[in-house]
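One structure below.
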Amino acid sequence: MDIQFLSRTGSDGCRTEVKKLPSENDITVYKVSMKFSGKISPEPVTVRFSAPVCGCFSQWSPLRNFERSLLPDWGEFIPETPSRLAFGMPLHCFISQSGKNKICTAVSDVKTPLTMRTGVNDDGTIHYEFVFFCEKIAPISEYTALIRFDTRCIFYGKAAADGVKWLEEYNGIIPAPVPENAAMPVYSTWYSYHQQLKDEDIISECKKAYSLGMRTVIIDDGWQTESCEGGYEYCGEWQPCESKIKDMAKLVDAVHSCGMKVMLWYSVPFVGKKTRLWKRFEGKYLDDPKNNWNCLDPRFPDVREYIAETYENALKAWKLDGFKLDFIDEFCLTDFSDTSSSERDYDSVEDALERLLHDIYMRLSKIKPDVLIEFRQRYIGPAVRTCGNMIRVGDCAYDMLRNRMGAGDLRLTSGKTPVHSDMLIWNYKDSTEDAAKQLINVLFAVPQISVRLGEIPEAHGKMLKFYLDFWIKHRDTLLFGDFYAHCPESLYSLVEAKKDGTHICICFGKNTVKISEPQTFIINGSGDEYVMLLAERDTEISYAITSCTGEPLGEGTIHAGPRGRLLKLEQSAVAEIHII
């Protein structure tokens with residue numbers, strides 16, 4: 001496919017050169033070089049390309065959310081792919097209706113704020129705009145980045161994964177190692193208790209969670225404040241609220257006795273006005289001092305030391321197993337950020353944040369090599385994965401569709417780093433089959449559960465036990481097998497994984513399954529009560545169907561072939577199929 005450079009525009013005093021490098025294997029790379037008249041904080045610089053729109057049906061990027069269609073390159077709705085160190089990544093795909101890659105684009109710089117705009121022009125081409133320095137950055141005198149266009153006709157998920165590998169290799173990035181518990185089901189107190197925590201409730205829930213297969217609890221927001229009103233005015237000092245948790249070390253010890261690991265929630269950047277710290281860090285915030293809480297400025301060494309030391313002391317004193325580090329994507333320069341203090345040892349927030357995350361991870365892992373560290377959408381890029389070993393879908397309570405979409409997006413970009421669902425919650429009056437769909441929609445991620453386990457109906461408990469047992473038994477296939485998220489334009493209406501002769505397929509809307517492996521599991525996550533089985537040739541298969549609570553619903557032997565064979569499969573049920 002012919003990729004054409006169109007134009008470049010930028011601020012006065014910026015000389016921009018765009019050079020095409022030698023191409024091979026349908027991959028074209030351009031080098032973008034900029035030189036400024038002096039050391040300045042540059043205005044945005046835009047580089048434009050075009051490519052034929054031929055065969056393109058949808059588009060995908062890591063933070064595209066529900067907008068997957070082709071949109072014009074004019075008006076207010078030009079799709080953007082934003083990226084900086086702790087926000088998204090510079091990766092984008094145009095995809096055919098059959099799921100083949102048409103153009104997968106990546107920019108080598110995973111730290112500097114930039115955005116990629118794409119739109120279809122009425123001349124039959126896709127127009128790309130790469131806007132560098134789309135947010136305030138520290139002064140620089142020159143800049144270089146590579147733009148990679150991959151037009152290989154391969155499965156789009158393979159092209160996206162190769163794009164991530166290229167970003168990692170170019171930047172010398174090695175993701176953090178994965179401890180065993182980073183890939184085991186989690187209980188979270190967030191949706192189930194919000195800030196209304198009590199240590200006796202946590203212990204009670206952990207006992208039930210362990211019996212269901214969960215092995216880690218995340219004690220979320222609320223442990224550090226008497227307030228239950230939301231907001232972050234009381235963040236920063238990070239001492240347990242005694243009316244909720246009498247003794248954190250004793251609570252952690254009690255949870256460990258239940259067989260569970262303990263992670264604690266922290267909002268990394270925030271200091272609230274209602275803490276004693278507010279005055280201490282005056283002049284060292286990134287935001288408006290009139291706010292009720294602000295982001296600390298990591299360009300100051302004492303800020304970084306305070307944050308890292310806080311987690312280090314907590315790990316030692318309370319014998320924690322890990323940390324849920326929240327709101328890292330809030331670190332960015334604003335008009336209120338310092339520009340002249342001699343106390344800073346960094347000009348760039350991105351560089352300082354990278355140093356902070358590295359310091360945190362190194363100090364914690366030195367004490368506890370298998371320390372658990374959770375990040376979440378939107379800080380998901382290759383650079384931050386060097387310092388975290390759990391990547392979670394962004395908050396989407398009750399929204400199984402967004403949870404499925406977010407898990408699929410993250411699976412395509414996270415390599416071997418375990419992807420976690422957002423915490424699962426449902427109405428306790430819901431049918432067991434519909435409650436099960438909350439879990440079914442995220443089975444290709446690590447399930448995080450956040451219902452009150454002592455209050456859910458008995459049938460819901462059986463369903464939870466059945467599907468968590470299924471997940472644990474088939475974890476290697478679900479989480480680490482070859483992953484195929486089909487139909488991204490339909491938010492992944494069919495998702496599959498294959499490993500060592502086992503094939504697991506979940507139907508969310510596309511209910512046609514090709515049988516090719518010796519053993520296949522089909523889970524009906526759709527609103528229909530059938531699946532269509534296909535095989536390359538006439539094939540005899542045996543099947544056994546199990547309900548979402550583990551009761552057998554039927555078994556038998558049938559033939560499937562190229563023309564297909566309908567199999568009745570109840571909603572939220574599982575069919576286990578073997579080729580005879």
Problem set entry | Derivation of the salt bridge (charged side-chain N to carboxylate O under 4.0 Å, His left out) call for E180 and R475 | CA-CA 12 Å; E180 174 67 17; R475 179 184 67 164; 3.1 Å; yes
For this session: Please lay out, stage by stage, how F331 and L85 fare under the test side chain to side chain contact (heavy atoms under 4.5 Å, CB included).
Result: CA-CA 10 Å; F331 284 108; L85 179 86; over 6 Å; no
Exercise. Would L424 and V451 count as a side chain to side chain contact (heavy atoms under 4.5 Å, CB included) if you check the C-alpha gap in whole Å, the side-chain angles of each, and the deciding distance to 0.1 Å?
Worked result: CA-CA 7 Å; L424 301 184; V451 293; over 6 Å; no
For this session: Any chance you could lay out the side chain to side chain donor-acceptor pair (under 3.5 Å) test for D220 and H194, step after step, and finish with the verdict?
Result: CA-CA 7 Å; D220 213 297; H194 286 287; over 6 Å; no
Exercise. Passes side chain to side chain donor-acceptor pair (under 3.5 Å), E80 versus T115? Steps please.
Worked result: CA-CA 6 Å; E80 293 199 2; T115 193; 3.2 Å; yes
Exercise. Are E67 and S69 close enough, and set up right, to give a side chain to side chain donor-acceptor pair (under 3.5 Å), and what steps lead you there?
Worked result: CA-CA 6 Å; E67 185 52 75; S69 62; 2.5 Å; yes
For this session: Show your working on side chain to side chain contact (heavy atoms under 4.5 Å, CB included) between L114 and F130 and close with a plain yes or no.
Result: CA-CA 7 Å; L114 63 90; F130 298 89; 5.7 Å; no
Problem set entry | Trace of the side chain to side chain contact (heavy atoms under 4.5 Å, CB included) decision for W318 with L264 | CA-CA 10 Å; W318 301 329; L264 211 53; 3.8 Å; yes
Exercise. Please walk me through it: do S192 and E205 pass side chain to side chain donor-acceptor pair (under 3.5 Å)?
Worked result: CA-CA 10 Å; S192 51; E205 291 290 84; 5.3 Å; no
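At most 12 heavy atoms of other shown residues, nucleotides or ligands fall within 6.0 angstrom of atom CD in E242. Residue I367 qualifies as enclosed at atom CD1: its count of foreign heavy atoms under 6.0 Å is above 12. Counted within 6.0 Å of NZ on K368, heavy atoms from surrounding residues, nucleotides or ligands total more than 12; the atom is thus considered enclosed. Counting heavy atoms of neighbouring residues, nucleotides and ligands inside a 6.0 Å radius, atom CD of E200 exceeds 12 of them. The environment of K273 atom NZ is dense: over 12 non-hydrogen atoms of other residues, nucleotides or ligands sit within 6.0 angstrom.
Using a 4.0 Å cut-off between a side-chain N of Lys or Arg and a carboxylate O of Asp or Glu, K165 and E168 do not qualify as a salt bridge. The existence of a salt bridge linking K319 and D253 is excluded, since no basic side-chain nitrogen approaches an acidic carboxylate oxygen closer than 4.0 Å. Ion pairing between a basic and an acidic side chain is recognised when a charged N comes within 4.0 Å of a carboxylate O; D201 and K208 show no such pairing. Salt bridge R376/D326: present, at least one basic N to carboxylate O contact under 4.0 Å. Ion pair D409/R64 not flagged as a salt bridge, since none of the NZ, NE, NH1 or NH2 atoms sits closer than 4.0 Å to an Asp/Glu carboxylate oxygen.
Side chains of E374 and H420: a donor-acceptor N/O pair is absent below 3.5 angstrom, by distance only. N427 and D430 form no side-chain donor-acceptor contact under 3.5 Å, judged by distance and modelled atom types alone. Side chains of E350 and T112: a donor-acceptor N/O pair is absent below 3.5 angstrom, by distance only.
Y234 meets the ring pair (Phe, Tyr, Trp, His ring centres under 6.0 Å) test with no other residue; sequence neighbours excluded. Residues that satisfy the ring pair (Phe, Tyr, Trp, His ring centres under 6.0 Å) test with Y143, not counting sequence neighbours, are F132, F133. L63 meets the side-chain contact (heavy atoms from CB on, under 4.5 Å) test with F87, R378, I380; sequence neighbours excluded.
Distance alone, capped at 3.5 Å, places no donor-acceptor pair between the N441 side chain and the L401 backbone. A donor-acceptor pair under 3.5 Å links the side-chain atoms of T334 to the main chain of L286, judged by distance alone. With hydrogens and angles ignored, the 3.5 Å screen pairs no side-chain donor or acceptor of D221 with any backbone N or O of S267. The main-chain N or O of S450 is never found under 3.5 Å from a side-chain atom of Q448 such that the two would form a donor-acceptor pair. Q438 contributes a side-chain N or O that, together with a main-chain N or O of Y398, makes up a donor-acceptor pair within less than 3.5 Å. Side-chain atoms of K244 come within 3.5 Å of backbone N or O of T225 as a donor-acceptor pair. Checked by atom type and distance alone, the side chain of T386 never pairs as donor or acceptor with a backbone atom of I173 at under 3.5 Å. Side chain of N181 to main chain of R215: a donor-acceptor pair is present (N/O by atom type, distance under 3.5 Å, no hydrogens or angles). Looking at R392, its side chain never comes within 3.5 Å of a backbone N or O of Q377 through a donor-acceptor pair. S421 places no side-chain N or O within 3.5 Å of a backbone atom of M423 that could act as its donor or acceptor partner.
Contact between M463 and W426 at its shortest, heavy atoms only, is CE-CZ2, 4.1 Å. The two residues V107 and W166 come nearest to each other via the heavy atoms C-CZ3, 4.0 Å.
For residues 286-307, the pairs satisfying salt bridge (charged side-chain N to carboxylate O under 4.0 Å, His left out) are K284-D302, D297-R299, R304-D345, E305-R363, with sequence neighbours left out. Listed by first then second residue, pairs satisfying salt bridge (charged side-chain N to carboxylate O under 4.0 Å, His left out) with a partner in residues 434-449 read D434-K437, not counting sequence neighbours. For residues 351-362, every residue pair satisfying the salt bridge (charged side-chain N to carboxylate O under 4.0 Å, His left out) rule, not counting sequence neighbours, is listed here: K111-D351, K111-E354, R355-D359.
Here the two rings, on F327 and Y232, have centers that are under 6.0 Å apart. For Y285 and W278, the ring centers are positioned less than 6.0 Å apart.
Looking only at side-chain heavy atoms (C-beta outward), V164 and L91 come within less than 4.5 Å of each other.
Because its NZ or CZ atom is not both nearer than 6.0 Å to the ring centre of Y128 and within 45° of the ring axis, R117 does not count as a cation-pi partner of that residue.
With W238 as the fixed residue, the ring pair (Phe, Tyr, Trp, His ring centres under 6.0 Å) test singles out one of Y306, F270, Y266, Y311: Y266.
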